[in-house]
Protein chains: 2
Amino acid sequence: MFSIGQLSKQTGVKVPTIRYYEQVGLLVSAGRTEGNQRRYDKEGLERLGFIRHARDLGFSIEAISALIDLQQHPDRSCQEATEIAQDQLADVREKLRRLTALETELVRISEGCDGDGSSNDCYVLTSLADHRHCRTEHYC
Amino acid sequence: MFSIGQLSKQTGVKVPTIRYYEQVGLLVSAGRTEGNQRRYDKEGLERLGFIRHARDLGFSIEAISALIDLQQHPDRSCQEATEIAQDQLADVREKLRRLTALETELVRISEGCDGDGSSNDCYVLTSLADHRHCRTEHYC
DNA sequence: CCTTGAAGCTCTAGTGACTAGAGGTTGTAG
DNA sequence: CTACAACCTCTAGTCACTAGAGCTTCAAGG
Ligand SMILES: [Zn+2]
Ligand SMILES: [Zn+2]
Ligand SMILES: [Zn+2]
Ligand SMILES: [Zn+2]
């Protein structure tokens, strides 16, 4: 049996975050001591590892919830799991697309000024004031 | 003079967002009507355009505040402006780096399963359970 | 001049995924 | 038995909005 601190050390997830995961229903402790402290078993450790890894891949709490539900029912089809992964991939690709546009514009803007003039005619400031200087459509 | 709704239409910034910008000190109205409604002049319209464009490039409210301060003092050096832009570019590049790693792993994971098996031995679920399947270090 | 309805106002609370802090209790090593 | 690290709960804060309630004002048509 592990304390919350031991779980934290083994997975790299901070203690308050583990408590937060319990609050939102992702991870329940195996039980409590007489003094009300959480105790986890090996299953809890593995589940927290799963959560951590999925979070590190950008999956939302909601998506991870669904994935854990699937894991608990080994007989169910894994179609939903692949859909969730594909959705996440699509999200990431969309973000990449947007950030690439941002990078293009920020490179142009940054290179347009050495920072040694007056802010009166600074290329950074004038570029920000007018989207018509931009080569791409962009937003976050 | 423009009402908040006219400003909204011209810039594409939603009305509650404009009020939020006032609350955090980014944009003040030129004045109020007798009935307490906000009225803006051309300067306000331009400033909101600046804010909108900077937000669309991912700058934080805090950064935009600093940039507007610089704009208000045309005699000051624009060094800070270029620094802010370069910081933003560095941020964007860091995010791109991370998202690219995520994409690599998510492609592998998505392609590893057709979604026609049982969740018992689904490649998506086993990959999520163990980082050792991953080819990159990754996090958000 | 009067009515109507769109548009405005303020204030509070909710979003996601935590993080920080206060103030108190428990576990454990020496 | 004592010290103190680690634990507990609860509230509030982060960022940049967004939604809603409940009320007031503006402007156009009759
Ligand atoms: Zn400059
Ligand atoms: Zn632009
Ligand atoms: Zn599968
Ligand atoms: Zn991994």
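Note: hydrogens, waters and symmetry copies are ignored here, and every other heavy atom, side chains too, is used. Chain letters run A, B, ... following the sequence lines, proteins first and then strands; every chain starts at 1.
Note: CD (A/Glu34) to C1' (C/dT25) measures 14 Å, nearest angstrom. Going from atom CD of A/Gln6 over to atom C1' of C/dG27 covers 12 Å, rounded to whole Å. As rounded to whole Å, 13 Å separates atom P of C/dC18 from atom CG of A/Leu27. Atoms CZ (B/Phe2) and P (C/dG8) sit 14 Å apart, rounded to a whole Å. If you take CG of A/Leu7 and C1' of D/dC7, they are 14 Å apart, rounded to a whole angstrom.
Comparing D/dT9, D/dC7, C/dT10 by their nearest atom to the side chain of B/Asn36 picks out C/dT10.
The aromatic rings of B/His53 and A/His131 sit perpendicular, their planes meeting at an angle over 60°, well past the 30° parallel limit.
A donor-acceptor contact under 3.5 angstrom links the side chains of A/Gln72 and A/Arg47, judged on distance only. For the residue pair B/Thr136 / B/Glu105, a side-chain donor-acceptor distance below 3.5 Å is found, with atom types taken as modelled.
Nearest approach of A/His133 to A/Arg108, heavy atoms of both residues: O-CZ, 3.3 Å. Between B/Ser77 and B/Leu70, the closest heavy-atom pair is O-CD2, 3.7 Å.
Residue A/Arg32 has a polar side-chain atom (N or O) positioned under 4.0 Å from OP1 or OP2 of D/dT9. Regarding contacts with the backbone of C/dG8, every side-chain N or O of B/Arg38 stays at 4.0 angstrom or more from both OP1 and OP2.
Ion pair B/Lys95/B/Asp91 not flagged as a salt bridge, since none of the NZ, NE, NH1 or NH2 atoms sits closer than 4.0 Å to an Asp/Glu carboxylate oxygen. Salt bridge status for A/Arg93 with B/Glu103: present, with a side-chain N to carboxylate O gap under 4.0 Å. Taking the charged nitrogens against the carboxylate oxygens, B/Arg19 and B/Glu22 have no contact shorter than 4.0 Å, which rules out a salt bridge.
Annotation for A/Gln10: atom CD counts as buried by contact number, over 12 foreign heavy atoms lying within 6.0 Å.
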### Query
Base, backbone or nothing for each nucleotide of nucleotides 1-6 of chain D, written B, S, -, heavy atoms under 4.0 angstrom, 5' to 3'?
------

### Query
Going 5' to 3' along nucleotides 10-22 of chain D, which nucleotides have protein heavy atoms under 4.0 Å from the base (write B), which only from the sugar-phosphate (write S), and which from neither (write -)?
------BBS----

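Atoms CG and NE2, from B/Leu106 and B/His138 in turn, are 8.5 Å apart once rounded to the nearest 0.5 Å.
Side chains of A/Arg55 and A/Tyr21 form a contact here, defined as non-hydrogen atoms less than 4.5 Å apart.
Within residues 87-99 of chain A, no residue places a heavy atom under 4.0 Å from DNA chain D.
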